[in-house]
Amino acid sequence: MGFAAVRSDVLSPRLAVSRRGLRADEAAGFLTALDARVLHVDSAGYVVLSAFRSKVSGGRYALFSRNGSGVAVNLEYLIQMAAAAELLVAHGVAGTDICFEQGEFDAVVEDGGVPVLAMEAKARVQGTDGLLELLNSMLRLGANPQASVKGIHWRKYAALLDMTAQGPVVLWLVADGARWAFDASMAAGTLRLMPRTTVSRHQAVPTLPVLEPHPRTIT
């Protein structure tokens, strides 16, 4: 109701049901961040990240968007903010070291100005904009830098490769029900990813997610 009241183009406060649904992990993570006072949501559904370093253009995000004449929840913001808060609440990363929406990634953790972790969050694991597709693209580019992938996947790969030029980086891929952590390093000018159990350091290597055995060309 508050969002509809401040947006003249939103004619109804009716909440549209997303075809992807609203799942327990993303919802619980967002509520945990609220309880921990990592986030603040105003009466119109605009979110201020009170514990992180926000991007230069500003730190206010719309939890809702117009959907037809009504309102929809921006699901990807839920998991992005929940995951960034998880770094602070569950993994002990200082909020001042977490840069939300920096460069090509949803969050980057810096230590003395040097990137040590890059986080990318997707609403879902599967699908055309899912986490598995991004991981698949990164692994393919690591094996063959000329592989055909989506432009946005190439940009993320290139940005992560640039980060590893300064030293090893943890890549943390997050979606509802998924937390995949990798040690990212540069080897012979390409990106090398080695799986790990968590974003904390000195962890044993887990099993990789199952990828397509013969991945189709992504354009």
Side-chain angles (χ1 to χ4, degrees), residues 1-91 93 95 98-108 118-135 150-153 155-156 172-180 199 209 218:
M1 292 178 67
F3 183 73
V6 300
R7 285 279 299 266
S8 60
D9 59 334
V10 177
L11 304 180
S12 167
R14 179 183 56 83
L15 184 64
V17 178
S18 168
R19 58 184 171 79
R20 295 186 294 187
L22 179 59
R23 298 183 180 176
D25 184 24
E26 59 197 349
F30 187 80
L31 292 174
T32 297
L34 283 176
D35 289 343
R37 301 183 183 277
V38 175
L39 314 173
H40 171 75
V41 184
D42 69 17
S43 60
Y46 288 94
V47 184
V48 174
L49 310 177
S50 52
F52 313 132
R53 276 193 275 165
S54 58
K55 56 187 179 182
V56 176
S57 59
R60 197 173 81 139
Y61 300 85
L63 187 58
F64 303 110
S65 59
R66 182 171 63 86
N67 184 286
S69 62
V71 178
V73 177
N74 292 325
L75 290 180
E76 199 144 306
Y77 271 155
L78 283 183
I79 194 66
Q80 286 174 4
M81 294 174 183
E86 196 172 309
L87 286 172
L88 189 154
V89 175
H91 298 287
V93 179
I98 301 172
C99 311
F100 193 77
E101 289 196 336
Q102 177 164 297
E104 295 294 333
F105 289 95
D106 291 326
V108 173
M119 182 199 87
E120 185 66 20
K122 298 290 186 184
R124 299 291 176 262
V125 171
Q126 303 287 347
T128 55
D129 189 35
L131 201 64
L132 191 56
E133 187 186 52
L134 172 61
L135 176 58
K150 286 181 175 179
I152 190 170
H153 292 177
R155 292 194 296 273
K156 291 181 189 299
W172 198 37
L173 301 179
V174 178
D176 182 84
R179 305 290 188 275
W180 301 338
V199 296
I218 303 170

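Residues take their numbers from the sequence shown, with the count starting at 1.
For S50 (side chain) and H40 (main-chain N/O), no donor-acceptor pair under 3.5 Å exists by modelled atom type.
Electrostatic pairing of E26 and R124 counts as a salt bridge here, judged by a charged N lying under 4.0 Å from a carboxylate O. Between K150 and D129, no side-chain nitrogen of the basic residue sits less than 4.0 Å from a carboxylate oxygen of the acidic one, so the salt-bridge criterion is not met. Salt-bridge annotation for E86 and R179: present, with a side-chain N of the basic residue lying under 4.0 Å from a carboxylate O of the acidic one.
Put simply, the side chain of F52 does not reach to within 4.5 Å of the side chain of L87, judged on heavy atoms. Within the 4.5 Å cutoff, the side chain of Y61 has no heavy atoms near those of the L39 side chain. You'll find the side chain of Q102 stays beyond 4.5 Å of the side chain of M119, heavy atoms only.
Between A84 and I98, the shortest heavy-atom contact is O-CD1, 3.9 Å. Closest non-hydrogen pair, F105 versus K156, comes out as CZ-O, 3.4 Å. When all heavy atoms of A85 and V38 are compared, the pair lying nearest together is CB-CG1, 3.9 Å. Residue D25 comes nearest to A175 through the heavy atom pair OD2-O, 3.7 Å, listed as atom of the first residue, atom of the second, then distance. Closest heavy-atom contact between R66 and F3: N-CE2, 4.1 Å. Shown here for A82 and G29, the closest heavy-atom pair between the two residues is CB-C, 3.5 Å.
Taking CG of L131 as the start and CH2 of W180 as the end, the distance is 4.5 Å to the nearest 0.5 Å. The NZ atom of K122 lies 10.0 Å from the CG atom of L173; values are rounded to the nearest 0.5 Å.
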Listed pairs under 3.5 Å, donor-acceptor, residues 69-81 side chains, sequence neighbours left out:
residue, atom, partner, partner atom, Å
N74, OD1, S65, OG, 3.0
N74, ND2, A62, O, 2.7
N74, ND2, F64, O, 3.3
Q80, NE2, D106, OD1, 3.2

